[in-house]
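Here's the structure we're looking at; comments come further down.
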Protein chains: 2
Amino acid sequence: MRACDGRLEASVEGVERLRDESLDAALARAVDVRFLAHVEQLETRARHDGTLATAYLGLARADMPAAGDWRPVDSSWPADERAFVAAAQARLRAKLSYTNLGFALAPELFTISELREVYVAALGYDVSATNLQRVLVRRGAIVRADGFRPPGRTGGRPAALFRFASDRLEVTDEFAALRPPR
Amino acid sequence: MRACDGRLEASVEGVERLRDESLDAALARAVDVRFLAHVEQLETRARHDGTLATAYLGLARADMPAAGDWRPVDSSWPADERAFVAAAQARLRAKLSYTNLGFALAPELFTISELREVYVAALGYDVSATNLQRVLVRRGAIVRADGFRPPGRTGGRPAALFRFASDRLEVTDEFAALRPPR
DNA sequence: GCAAAAGTGTTCTGGCTACACCCATGG
DNA sequence: CCATGGGTGTAGCCAGAACACTTTTGC
């Protein structure tokens, strides 16, 4: 999955595993894991033919020119793929709330407004830029980077640049979350 | 896993899956799932011999006379089993905080004190009976049942009986948790 | 100057914790 | 009557939400 242009997009690749092949190897054969900032195993299901299907959640940064068939996550997906995508999306939503998982969706450097769009796309509900900044800064998930992004033609104050403090999954607040607005 | 006599105990059974056999069938062959109030898939790993091992978290109620080799969860476990048990324990701890998962550990009817012992064993830190009751009642996870448990020889006020409102996993509060004491 | 975008200060709320206090029973 | 265990009342804390206000830019 990735958050691109304010939408959450997904790409589904089948992971076929050969006998005597590790899961990691099978995954690496199915997708180019260099494009993924975070990979996480989801669920293993038995198929009718006796083989096993293991689903993964892979997250790509918005600025990563990842190859693949990226499509917006909406109701146009086939039912079986939707089940996997829905599970992945639920997991993503939950972990965005209490971990630093945003690092896997946001580009290296970003403004709070850009980060907000990523969170809105992934969470599916509105998020205040003001509070998003305060929550993530307080938790130590994001830190100020040098420099500013100059405003566009329509003006406005230059936006400070931030970066995630870590590029590995960390639980930043086990007991809190980004609540949806009332 | 189960919480028994104030301790968290675990039993590890290998799940060997035959070709053309579903995962559920393989699990049912390895353990008697009738004794488990809740089953949840954890992780699938590839073994060196090319087979797959899928770990499950199964929870048994304290009053269930489950067969099996129940041992306290401590440092006496072999390293490889400990990794699975630790993952299961972490998952259990997390879900106890924001779901009604306690239904799978507590007996049908229980007093708040008994429920407290279950939570203390599973969470690994002290929990106040007062606040445990209020949190779970407010969330609607537990409800008053008829009757009281008479006090023992040492006296004391009779304890009100409670039961869990549901015996299926439900997210009772996505945005809160039982915090450990300071 | 004015609109637009970014950032800050401040208040409010709600869930949870902490702790003092009250209740009911056995001996 | 008193120790013991159970239950309630209440105050305080704190992360987060809400919102008014200030800052900095383009035109």
Side-chain angles (χ1 to χ4, degrees), chain A residues 6 96-100 102 109-120 123 125-162 171-182, chain B residues 6 96-100 102 109-120 123 125-162 171-182:
Chain A
L96 273 183
S97 291
Y98 66 91
T99 70
N100 64 345
L109 292 178
F110 51 84
T111 69
I112 297 298
S113 294
E114 292 161 1
L115 186 63
R116 186 185 93 85
E117 289 177 26
V118 168
Y119 272 72
V120 169
L123 291 175
Y125 52 76
D126 197 43
V127 174
S128 147
T130 295
N131 294 329
L132 181 66
Q133 175 186 8
R134 271 201 273 245
V135 166
L136 294 182
V137 166
R138 172 158 28 155
R139 294 179 181 175
I142 63 174
V143 293
R144 262 297 325 247
D146 291 335
F148 295 85
R149 171 110 58 228
R153 285 149 194 79
T154 130
R157 177 170 168 174
L161 293 177
F162 287 80
V171 175
T172 52
D173 193 343
E174 201 169 350
F175 300 112
L178 301 167
R179 293 179 178 78
R182 287 184 285 192
Chain B
L96 273 182
S97 291
Y98 66 91
T99 70
N100 64 345
L109 291 178
F110 50 84
T111 68
I112 298 298
S113 293
E114 292 162 2
L115 187 62
R116 186 185 93 86
E117 288 177 27
V118 169
Y119 271 72
V120 168
L123 291 174
Y125 52 76
D126 196 44
V127 175
S128 146
T130 296
N131 294 328
L132 181 66
Q133 175 186 8
R134 271 202 274 248
V135 167
L136 294 182
V137 166
R138 168 153 38 148
R139 294 179 181 175
I142 64 174
V143 293
R144 258 303 318 252
D146 291 336
F148 296 84
R149 170 109 58 229
R153 285 151 192 76
T154 129
R157 179 173 169 173
L161 293 177
F162 287 80
V171 175
T172 52
D173 192 341
E174 201 170 353
F175 301 113
L178 300 167
R179 293 180 177 77
R182 289 183 287 191

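A, B, ... follow the sequence lines: proteins, then strands. Residue 1 opens every chain.
Using a 4.5 Å heavy-atom cutoff, the side chains of B:Y119 and B:L132 are in contact. Considering only heavy atoms from C-beta on, A:L136 comes within 4.5 Å of A:L115 through its side chain. Using a 4.5 Å heavy-atom cutoff, the side chains of A:F110 and A:V118 are not in contact.
The distance from atom CG of A:L161 to atom C1' of C:dA6 is 12 Å, rounded to the nearest whole Å. Protein atom CZ of A:F110 is 15 Å distant from nucleotide atom C1' of C:dA6, rounded to whole Å. Between B:Q133 atom CD and C:dT17 atom C1' the separation is 15 Å, expressed in whole Å. For the pair B:R138 CZ and C:dC16 C1', the interatomic distance rounds to 7 Å; values are reported in whole Å. Between the OH atom of A:Y125 and the C1' atom of D:dA17 there is a distance of 12 Å, rounded to whole Å. Taking atom CG of A:L136 as the reference point, atom P of C:dG7 lies 14 Å away to the nearest angstrom. Nucleotide D:dG16 holds its C1' atom 19 Å from the OH atom of A:Y98, rounded to whole Å. Per the geometry, CG belonging to B:D173 stands 11 Å off P belonging to C:dT17, to the nearest Å.
For the atom pair A:R134 CZ and A:S128 OG, the distance stands at 8.0 Å (nearest 0.5 Å). Here the CZ-CG distance, from B:F162 to B:L109, works out to 11.5 Å after rounding to the nearest 0.5 Å.
Contact between A:R139 and A:Y98 at its shortest, heavy atoms only, is NH1-CA, 4.2 Å. Summarising the geometry of A:V127 relative to A:V120, their closest heavy-atom pair is N-CG2, 3.8 Å, with the distance given to 0.1 Å. In terms of heavy atoms, A:N100 sits closest to A:A141 at CB-CB, 4.2 Å. The two residues B:A129 and B:I112 make their nearest non-hydrogen contact at O-CG2, 3.5 Å.
Interface residues of residues 146-154 of chain B facing DNA chain C, ordered by number: B:P151, B:G152, B:R153; criterion, heavy-atom separation under 4.0 Å.
Counting only residues at least two apart or in different chains, side chain to side chain donor-acceptor pair (under 3.5 Å) contacts with residues 151-161 of chain B are absent. Residue pairs meeting the salt bridge (Lys or Arg N to Asp or Glu O under 4.0 Å) criterion with at least one member in residues 140-149 of chain B, sequence neighbours excluded: B:E114-B:R149.
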Polar atom pairs (N or O), protein with nucleotides 20-22 of chain C, under 3.5 Å:
none

Protein and nucleotides 10-12 of chain C: nitrogen or oxygen contacts under 3.5 angstrom:
{"unit_1": "C:dT10", "atom_1": "O4", "unit_2": "A:R134", "atom_2": "NH2", "d": "3.3"}

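If you check D:dG6, C:dG15, D:dT24 against the side chain of B:S113, the one that comes closest is D:dG6.
A:A129 comes within 4.0 angstrom of nothing in the nucleic acid, heavy atoms only.
Comparing the local axis fitted to the first five base pairs of the helix from C:dG1-D:dC27 to C:dG27-D:dC1 with the one fitted to its last five gives a bend of 20°, rounded to 10°.
The one candidate from B:D126, B:T130, B:N131 that meets the side chain to side chain donor-acceptor pair (under 3.5 Å) condition with B:R116 is B:D126.
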